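Remember, predicted model here, so these are calculated numbers, not experimental data. Lettering of chains follows the sequences in order, A, B, ..., and the numbering in each one begins at 1.
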2 protein chains.
Amino acid sequence: MRTADPSSRKLPRAWRAAPSLQGLADMPARDRAYHDLRYRIMTGRLAPGTTLLETELAGLLSLSRTPVREAVIKLEEEGLVDVRPRHGVTVKPLSMQDFAHILNVFSALEVRAFELVAARGLQPDEARALERMLEDMEAATLAHDLGHWADLDDEFHSQIVALSGNARLQDALNAFWGQQYRARMMILPLRPSPVQSDIEHRGIFEALKAGDRQLTRSRHNAHRDRADAQQLDLLGRSLGSSGFA
Amino acid sequence: MRTADPSSRKLPRAWRAAPSLQGLADMPARDRAYHDLRYRIMTGRLAPGTTLLETELAGLLSLSRTPVREAVIKLEEEGLVDVRPRHGVTVKPLSMQDFAHILNVFSALEVRAFELVAARGLQPDEARALERMLEDMEAATLAHDLGHWADLDDEFHSQIVALSGNARLQDALNAFWGQQYRARMMILPLRPSPVQSDIEHRGIFEALKAGDRQLTRSRHNAHRDRADAQQLDLLGRSLGSSGFA
DNA sequence: CGATTCAACAATGTATACATAAACGAACCG
DNA sequence: CGGTTCGTTTATGTATACATTGTTGAATCG
């Protein structure tokens with residue numbers, strides 16, 4: 001997942017920390033702990049609400065407490081866990097409200113990133129690479145391959161963000177992306193055919209290519225508002241409005 | 001600075017981590033290290049570009065490396081320092097571009113926060129408290145008390161953000177606020193009389209009170225665009241476009 | 001019977017000891 | 001004389017030992 005497609009060679013590195021355990025072997029223990037725990041949280045292997053003591057985490061990962069503690073600090077800053085001093089670290093549950101809050105921040109940042117790209121303009125090869133991704137997404141839609149479509153969607157959005165040239169913006173988006181991930185995975189199978197998103201993507205892409213900042217903003221805003229509302233709705237159904245993801 | 005004014009009693013806690021060393025005495029050492037270092041960085045006592053080894057930091061704070069390391073991890077996540085494994089911890093310089101990037105993120109988030117408040121509406125007491133702040137700012141403008149004005153400005157903005165009810169949005173804004181701080185302090189004496197900002201604040205406030213989301217957004221966007229451009233311009237002069245803050 | 005206090009325990013916070021690995025410099029080779 | 005390699009140095013990464021402090025539960029007091 002999220003492996004660079006050769007066709008997007010010309011685009012900048014749209015590094016988005018997907019849950020993965022690739023090449024953890026030769027990292028320092030702190031990073032191993034961080035990525036390993038993040039992976040387990042995002043994929044649900046560590047369910048929301050799960051509470052573990054530092055000692056237990058250390059045992060789980062066969063490490064001493066020191067690197068585990070340091071990893072936990074990062075996970076806490078990133079919003080994935082809560083640390084309560086004598087009660088262990090808890091995988092943060094994600095309520096509907098949390099999800100709404102996250103989407104709100106995410107959208108605001110992403111729209112700004114897209115605006116910046118519009119203001120900057122697209123190079124011909126960048127435009128070509130993005131257009132290929134649109135075609136791939138449309139093909140995935142036709143093939144009813146929702147999983148692949150969602151991956152491409154992530155990649156499309158994150159590639160454009162990378163083009164904004166604002167690394168802090170990119171970092172902030174990646175952090176919030178990490179928080180959304182679980183919920184997105186959960187509602188994936190419930191999503192209807194993303195025909196509407198494909199259409200809106202085209203519209204946004206055209207505005208970007210034209211370098212029209214206002215149009216990019218309004219189209220992207222509309223896209224996010226609709227898509228976010230849909231996701232919230234789906235999450236509501238899959239949670240039965242009861243509680244936690 | 002930034003101590004709650006009794007007149008704003010009815011507003012939610014607009015907690016924004018100002019540089020301060022209040023009551024550090026009885027905190028755990030990690031937090032002492034974190035706040036102490038943050039304070040020194042923000043106030044310039046640790047100049048941008050300064051590099052220190054973990055051991056040196058520990059000596060500086062009379063602590064062992066462990067809590068210092070943990071504090072440094074947080075400062076790094078927050079974007080205030082760089083850690084290069086065998087070269088020590090460096091206080092991040094802030095170039096014009098960095099500042100521009102930070103303002104960009106900050107504005108996008110703040111505009112969204114204000115929109116949420118507009119959508120939610122203002123309670124009468126909230127409106128009254130905010131209006132009092134506007135009056136205080138206008139008084140400070142007349143008195144040419146730029147320092148006080150800037151504090152009130154921060155407070156005005158952060159209070160509204162707090163009203164948005166989105167804690168993650170608030171946290172993200174606070175983090176970026178920390179990064180802006182040094183540059184803002186540096187250009188403070190160069191700022192012209194903020195009459196224009198006072199006018200714009202009134203406009204935004206009216207739109208908020210009316211619950212008009214669109215109008216709030218467009219006015220606030222305009223306000224931020226103008227103010228950010230001004231700040232960048234001032235920073236450019238004070239740096240001579242050469243380099244680092 | 002309920003509330004309160006105190007003591008034992010247990011988990012975290014902090015310090016330190018040790019392992020690892022990068023940077024620097026000196027010696028050696030070309 | 002310039003470049004490369006190896007050893008030493010030293011900062012960091014990790015483990016562990018120790019101190020501190022909150023929690024638990026049982027005993028006692030009202």
Side-chain angles (χ1 to χ4, degrees), chain A residues 17 21-41 46-93, chain B residues 17 21-41 46-93:
Chain A
L21 294 173
Q22 291 300 64
L24 288 198
D26 54 352
M27 292 191 179
R30 186 211 323 184
D31 299 339
R32 275 203 319 271
Y34 169 75
H35 286 291
D36 194 337
L37 291 175
R38 192 169 188 269
Y39 175 77
R40 294 184 196 226
I41 292 171
L46 274 179
T50 307
T51 293
L52 291 169
L53 300 173
E54 287 185 3
T55 316
E56 297 174 313
L57 283 174
L60 186 66
L61 305 177
S62 305
L63 292 170
S64 77
R65 278 174 50 220
T66 310
V68 172
R69 260 178 84 84
E70 298 187 347
V72 165
I73 290 175
K74 294 182 79 169
L75 292 170
E76 185 184 22
E77 294 274 315
E78 205 174 322
L80 289 177
V81 303
D82 274 332
V83 176
R84 284 183 317 160
R86 307 249 149 197
H87 298 262
V89 327
T90 302
V91 179
K92 264 200 192 173
Chain B
L21 293 173
Q22 292 301 64
L24 287 199
D26 54 352
M27 290 191 182
R30 188 213 323 190
D31 299 338
R32 276 205 317 273
Y34 169 76
H35 287 290
D36 194 336
L37 291 175
R38 193 169 186 271
Y39 176 76
R40 294 185 198 226
I41 293 171
L46 274 179
T50 307
T51 293
L52 291 169
L53 299 174
E54 288 185 0
T55 316
E56 297 174 314
L57 284 174
L60 186 66
L61 305 177
S62 304
L63 292 170
S64 77
R65 279 176 49 221
T66 309
V68 172
R69 262 177 82 84
E70 298 187 347
V72 165
I73 290 175
K74 292 182 82 168
L75 292 170
E76 186 185 20
E77 293 273 314
E78 203 172 324
L80 289 177
V81 302
D82 274 332
V83 175
R84 285 182 318 159
R86 306 249 149 198
H87 298 263
V89 180
T90 302
V91 179
K92 264 200 191 172

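A distance of 11.5 Å separates CG in A:L75 from CG in A:D82, rounded to the nearest 0.5 Å. Remark: B:R32 CZ to B:L63 CG distance equals 5.5 Å, nearest 0.5 Å. Atoms CD and CD, on B:E78 and A:E77 in that order, are 7.0 Å from each other to the nearest 0.5 Å. In this structure, CG in A:L46 is found 13.5 Å from CZ in A:R38, a value given to the nearest 0.5 Å. Between atom NZ of residue B:K74 and atom CZ of residue B:R30 there is a gap of 6.0 Å, rounded to the nearest 0.5 Å. Atoms CG and CZ, on A:L53 and A:R65 in that order, are 10.0 Å from each other to the nearest 0.5 Å.
In this structure, CG of A:L52 is placed 12 Å from P of C:dA11, rounded to the nearest angstrom. If you take CD of A:E54 and P of C:dT12, they are 5 Å apart, rounded to a whole angstrom. Rounded to whole angstrom, the span from the CZ atom of A:R30 across to the C1' atom of D:dA15 amounts to 15 Å. The distance between atom CZ of A:R84 and atom P of C:dG13, rounded to the nearest whole Å, is 13 Å. Between the CE atom of B:M27 and the C1' atom of D:dT21 there is a distance of 17 Å, given to the nearest Å.
In terms of heavy-atom proximity, B:K92 sits nearest to B:G79 at CD-O, 3.4 Å.
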Which atom pairs link the protein and nucleotides 19-22 of chain C when you take only N or O atoms and keep those under 3.5 Å?
none

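Of the residues A:V83, A:T50, A:L80, the one that meets the side-chain contact (heavy atoms from CB on, under 4.5 Å) test with A:V89 is A:V83.
Residues from residues 56-74 of chain A lying near DNA chain C, meaning a heavy-atom separation below 4.0 Å, are A:R65, A:R69 in numerical order.
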